[in-house]
2 protein chains.
Amino acid sequence: MAPPTETLTAERILEATEEVLRRHGPAKATVVDVARALGVSHGSVYRHFRTKAALREAVTKRWLDRTSEKLAVIAAGDGAPEQRLRAWLAALFEAKRHKAGDDPELFATYTVLTDENGTVVGEHIADLTAQLTRIIETGSASGAFTAADPAAAARAVFQATGRFHDPCYAREWQGPGIQDEFEAVVDLLVRGLAA
Amino acid sequence: MAPPTETLTAERILEATEEVLRRHGPAKATVVDVARALGVSHGSVYRHFRTKAALREAVTKRWLDRTSEKLAVIAAGDGAPEQRLRAWLAALFEAKRHKAGDDPELFATYTVLTDENGTVVGEHIADLTAQLTRIIETGSASGAFTAADPAAAARAVFQATGRFHDPCYAREWQGPGIQDEFEAVVDLLVRGLAA
DNA sequence: GGACTGACAGATATTGAAATCTGTCAGCTG
DNA sequence: CAGCTGACAGATTTCAATATCTGTCAGTCC
């Protein structure tokens, strides 16, 4: 299948694993499939990843990191904090909704993997919350927000918008009123922060 | 098992069904089991409920209605709207957390049933949101809240607190910081409503 | 004659044997 | 000798036969 005469790296294995997951889904994607896609024996894959779980965890981390990086650009922007907060939340929602709507099967795969890898997801959430904290801190400094504890406020904002980024709500992201609902929640939260 | 010489009512069937669900769990609870528990043939159960799904739906509705009724008392109370809102949300969270922590198996059963019965759950949510709307309307009238559209605000509050009542978060309700997180979100929302 | 039964057909779930997969490692290969 | 292979043991999954369940209805019993 793939060019067999090329050094086997963790990166190439991850790429092949994503492809296998895309093709077969999370339930039927095996380490043997990954090895076959790479034209090597499955023993070679175990040289780079101790277990199948570790391999899937690494794929999950890659996926989540891609989202983090995109949002970090917005968080580090230089607009008004309130606008940056709105843009950041909208981008998070849009990214998730887009993925879920575009390729529901792949999104289901992604959801299964995140369910298996609580630790990696926890780190991802910590990362996103840290980005939110920075936005709120900027706002507190400029007087746009009045948050005694920006980190706590960031956690509250993240949790209160869960309906618009948590995969367990994915099937509701295609409904008609969803955009209005998103804006209503964000307005309420921004008003609470600015109070 | 049960006294067989007594008229068979929908109510008695529902009671027996709850018991069977409690004992066997949602996957293994059959109509035959329910009939056996009542000392009748399963054909008799089908005289009162057209399908197994309808029977399970009726059980689900009963469960949800019990919660609605308890909360309606708080919603109709006569304290300050802000305090009533806080009390209502706290009662909703406490009720769910208590059920989930007390008897996780029964709660899992309840979760499976609600997943099957989207329509009934939708009505339940509409009911709860209507209660919230009434609280917010009172607050708008008295000047405690400034909500242009109380129904929309109610939906936003309900959705923003999903983490503290939606069963998909049940496993996180036992964690240590959860009470603080709940209060942080409620504070933020109340500030937003009062702004 | 209205409430109930129990046999039935088709759908669904259970079971256990066979196939596949995971993870290891001694040995091959370049 | 570093990287890879492929055979292997134990765990997991698949598959098909078997059993159980759902929903109906003609017939029984007050």
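So you know, we letter chains A, B, ... as the sequences are listed, proteins then strands, and number each from 1.
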Residues A:E19, A:R22: salt bridge by 4.0 Å N-O rule: yes
Short side-chain N/O contact from B:S41 to OP1 or OP2 of C:dT5, under 4.0 Å: yes
Electrostatic pair B:R97-B:E94, nearest N-O below 4.0 angstrom: yes
Check: A:K61 main-chain N/O paired with A:E123 side-chain donor or acceptor under 3.5 Å: no
Minimum-distance nucleotide (side-chain atoms of B:Y46 versus D:dT5, D:dT22, C:dT5): D:dT22
Distance in angstrom units between B:L38 CG and C:dT5 C1', rounded: 15 Å
Listed nucleotide nearest any side-chain atom of B:T30, set D:dT5, C:dC4, D:dT22: D:dT22
Atom pair distance, as rounded to whole Å: NZ in A:K28 and P in C:dT22: 13 Å
Nucleotide D:dA11, atom P - distance to NZ of A:K52 in whole Å: 16 Å
Selected nucleotide, minimal atom distance to B:R47 side chain, candidates C:dT22, D:dC4, C:dA3: C:dA3
Whole-Å gap separating P (C:dT14) and NE2 (B:H24): 13 Å
Spacing of A:F49 atom CZ relative to C:dT24 atom C1', expressed in whole Å: 18 Å
Cationic N near anionic O, under 4.0 Å, A:D65 to A:R62: no
Which residue lies more 5' along DNA chain C, comparing A:R50 with A:D33 via nearest heavy atoms: A:D33
Position toward the 5' end of DNA chain D (nearest nucleotide), A:G43 or A:A27: A:G43
Sugar-phosphate, base or nothing in reach of A:V32, heavy atoms under 4.0 Å: base
Check: A:H42 side chain, C:dG23 base, donor-acceptor under 3.5 Å: yes
Gap between atoms CZ and C1', on A:R36 and C:dC21 respectively (whole Å): 11 Å
Short N-O contact, B:E172 and B:R163, less than 4.0 angstrom: yes
Spacing between A:L8 atom CG and D:dA2 atom C1', to the nearest angstrom: 13 Å
B:T51 side-chain proximity, nearest of D:dT5, C:dC4, D:dG23: D:dG23
